[in-house]
Amino acid sequence: MNNSPKISLITACYNSEKTIAKTINSIIIQDYSNVEHIVIDGASADSTISILNKYKNNISKIISEKDNGIYDALNKGIHLATGDIIGFLHADDFYPQKNIITNVIKSFMSDSNLDIVLGDVAFINKHGKISRYYSGENFNFDIGIMPPHPSAFIKKKCYEKFGLFNTNYKIAADYDLLFRLLKMNNIKYTYSKDIVVYMKPGGKSNKNFL
């Protein structure tokens, strides 16, 4: 792609030795090259750090220190991000195809006024099968239905203008953020059915959806 924008993907993790390698590999195989991967680890006590070190040549930045919860970790990642667009892929999540980020970028490049691209989330059971699908197409804040935040890709300038995650909300800062952007400020967005994030239910990044 000509003049392809840079995208920053932020992974928050803590004691994620069982899943972090799959998360990282799903980013490595993406066929879009202008990707910055930032990992914010909450001072894991298992082998997560040693796994991260094995992939250090594929990760742009690794921070490992105690934090004040997942939203604090995500805010750290946003501050470090140098990309035009920011997405989140947590340690229980992965991209199922190599063209997911390419599809994100195509959506943004189709309209220079877009600030958010929304996709879908598929919950995967222990057998690797889809147990539930959560679409970003028909959200409705008036009845409490938010888009799935892990499949929301947002231009960095939106965070700079409207703020980051409010860490006072321990389990709803993602709802608050998307409400601010999409409902209060009517940020221009589009939905793409070609963007899907696979998630394992029960992780920190999806407990609000269950």
Flag the pair K98 / Y32 as yes when at least one side-chain heavy-atom distance between them is below 4.5 Å, and no otherwise.
no
Please say whether more than 12 non-hydrogen atoms of neighbouring residues, nucleotides or ligands are located less than 6.0 Å from OH in Y133.
yes
Give a yes or no on this: more than 12 heavy atoms of other residues, nucleotides or ligands lie within 6.0 Å of atom OH of Y189.
no
Sidechain-backbone polar pair: K155 side chain, L114 backbone, donor-acceptor under 3.5 Å
yes
Just by distance, do the side chain of S110 and the backbone of S107 share a donor-acceptor pair under 3.5 Å?
yes
Starting at NE2 of H90, measure out to CD1 of I20 and round the result to the nearest 0.5 Å.
11.0 Å
From CG (L74) to CG (D67), nearest 0.5 Å
9.0 Å
Using atom types as modelled and distance alone, determine if a side-chain donor or acceptor of N103 lies under 3.5 Å from a backbone N or O of D194.
yes
Do F165 and D72 pass the side-chain contact (heavy atoms from CB on, under 4.5 Å) test, and can you show the C-alpha distance, the side-chain angles, and the key distance before you say yes or no?
CA-CA 8 Å; F165 292 99; D72 180 44; over 6 Å; no
May I ask you to decide if N185's main-chain N or O and R180's side chain share a donor-acceptor pair within less than 3.5 Å?
no
Regarding N125 and S131, do their side chains bring together a donor and an acceptor under 3.5 Å, going by distance alone?
no
How long is the gap from OG on S33 to NZ on K6, to the nearest 0.5 Å?
11.5 Å
Answer yes if the ring centres of Y175 and Y169 are under 6.0 angstrom apart, and no otherwise.
no
If only atom types and distance count, is the side chain of N166 paired as donor or acceptor with the main-chain N or O of A173 below 3.5 Å?
no
Do T19 and K200 pair up side chain to side chain, a donor and an acceptor below 3.5 Å, judged on atom types alone?
no
Could you walk me through whether K183 and D142 pass salt bridge (Lys or Arg N to Asp or Glu O under 4.0 Å), step by step?
CA-CA 9 Å; K183 182 70 172 178; D142 291 335; 3.0 Å; yes
Distance check, rounded to the nearest 0.5 Å: I24 atom CD1 versus L9 atom CG?
12.0 Å
Within-4.5 Å side-chain heavy-atom neighbours: E17 and I51
yes
Quick check: is F153 connected to I187 through a chain of hydrophobic side chains (ILVMFWY, heavy atoms under 4.5 Å apart)?
yes
Mind listing the closest non-hydrogen atom pair of L164 and L177 along with its distance?
O-CD1, 4.0 Å
Taking all atoms of both residues into account, what is the closest heavy-atom pair of I78 and I10, and its distance?
N-CD1, 3.4 Å
Looking at D111 and N113, would you say the former's side chain and the latter's main chain have a donor-acceptor pair under 3.5 Å?
yes
Determine whether the side chains of D31 and T102 contain a donor N or O and an acceptor N or O closer than 3.5 Å.
yes
Find out if a path of hydrophobic residues (ILVMFWY) with successive side-chain heavy-atom gaps under 4.5 Å connects F88 to V196.
no
Answer yes or no: is there a donor N or O on one side and an acceptor on the other, between the side chain of S26 and the main chain of Y95, under 3.5 Å?
yes
Walk me through it: do V117 and I105 pass the test side-chain contact (heavy atoms from CB on, under 4.5 Å)?
CA-CA 9 Å; V117 171; I105 300 301; over 6 Å; no
Quick one: does L80's side chain get under 4.5 Å of I40's, heavy atoms only?
yes
Donor + acceptor pair across side chains of N53, S50 (<3.5 Å):
no
Which atom pair, heavy atoms only, marks the closest approach of I86 to A81?
CD1-CB, 3.8 Å
Taking C-beta and beyond as the side chain, do F141 and P147 meet within less than 4.5 Å on heavy atoms?
yes
Answer yes or no: is there a side-chain heavy-atom contact under 4.5 Å between I195 and I101?
no
Take I27 and V35 through the side-chain contact (heavy atoms from CB on, under 4.5 Å) test and state the conclusion after the steps.
CA-CA 9 Å; I27 293 177; V35 175; 4.2 Å; yes
Judged by modelled atom types alone, do D120 and S135 share a side-chain donor-acceptor pair under 3.5 Å?
yes
Rounded to the nearest 0.5 Å, how far apart are OG of S64 and CD1 of I49?
3.0 Å
Atom of A12, atom of I70 and distance for their closest heavy-atom approach
CB-CG1, 4.1 Å
Tell me whether I116 is reachable from Y191 by hopping between hydrophobic residues (I, L, V, M, F, W, Y) whose side-chain heavy atoms are closer than 4.5 Å.
no
Any chance you could measure N34, atom CG, to D84, atom CG, to the nearest 0.5 Å?
8.0 Å
Search all heavy atoms of L118 against all heavy atoms of A152 and return the closest pair with its distance.
CD2-CB, 3.7 Å
Hydrophobic clustering (ILVMFWY, side-chain heavy atoms < 4.5 Å, transitive) - are I59 and Y14 grouped together?
no
Going through the checks in order, is the side-chain hydrogen bond (donor to acceptor under 3.5 Å, both in side chains) test met by Y55 and N25?
CA-CA 9 Å; Y55 288 96; N25 279 310; 2.9 Å; yes
Looking at D46, is its backbone amide N or carbonyl O close enough to the side chain of T48 to form a donor-acceptor pair, meaning the two atoms are under 3.5 Å apart?
no
Which is it for E36 and T82 under the side-chain contact (heavy atoms from CB on, under 4.5 Å) test, yes or no, and what are the steps along the way?
CA-CA 8 Å; E36 172 184 62; T82 62; 2.8 Å; yes
Using a strict 4.0 Å threshold on nitrogen-to-oxygen distance, state whether D93 and K22 make a salt bridge.
no
Cationic N near anionic O, under 4.0 Å, D115 to K157:
yes
Do P150 and M199 have side chains that get closer than 4.5 Å, going by heavy atoms?
yes
Looking only at side-chain N and O atoms, does T11 offer a donor or acceptor that is under 3.5 Å from a partner on H37?
yes
With clusters defined by side-chain heavy atoms of hydrophobic residues (ILVMFWY) lying less than 4.5 Å apart, directly or transitively, does V104 cluster with Y198?
no
Is any side-chain heavy atom of I100 closer than 4.5 Å to one of Q30?
yes
C13 versus L52, closest heavy-atom pair with distance
SG-CD1, 4.4 Å
Compare all side-chain heavy atoms of I154 with those of L178 and state whether any distance is below 4.5 angstrom.
yes
Given the side-chain rings of Y159 and H79, with only the six-membered ring counted for Trp, is the space between their centroids under 6.0 Å?
no
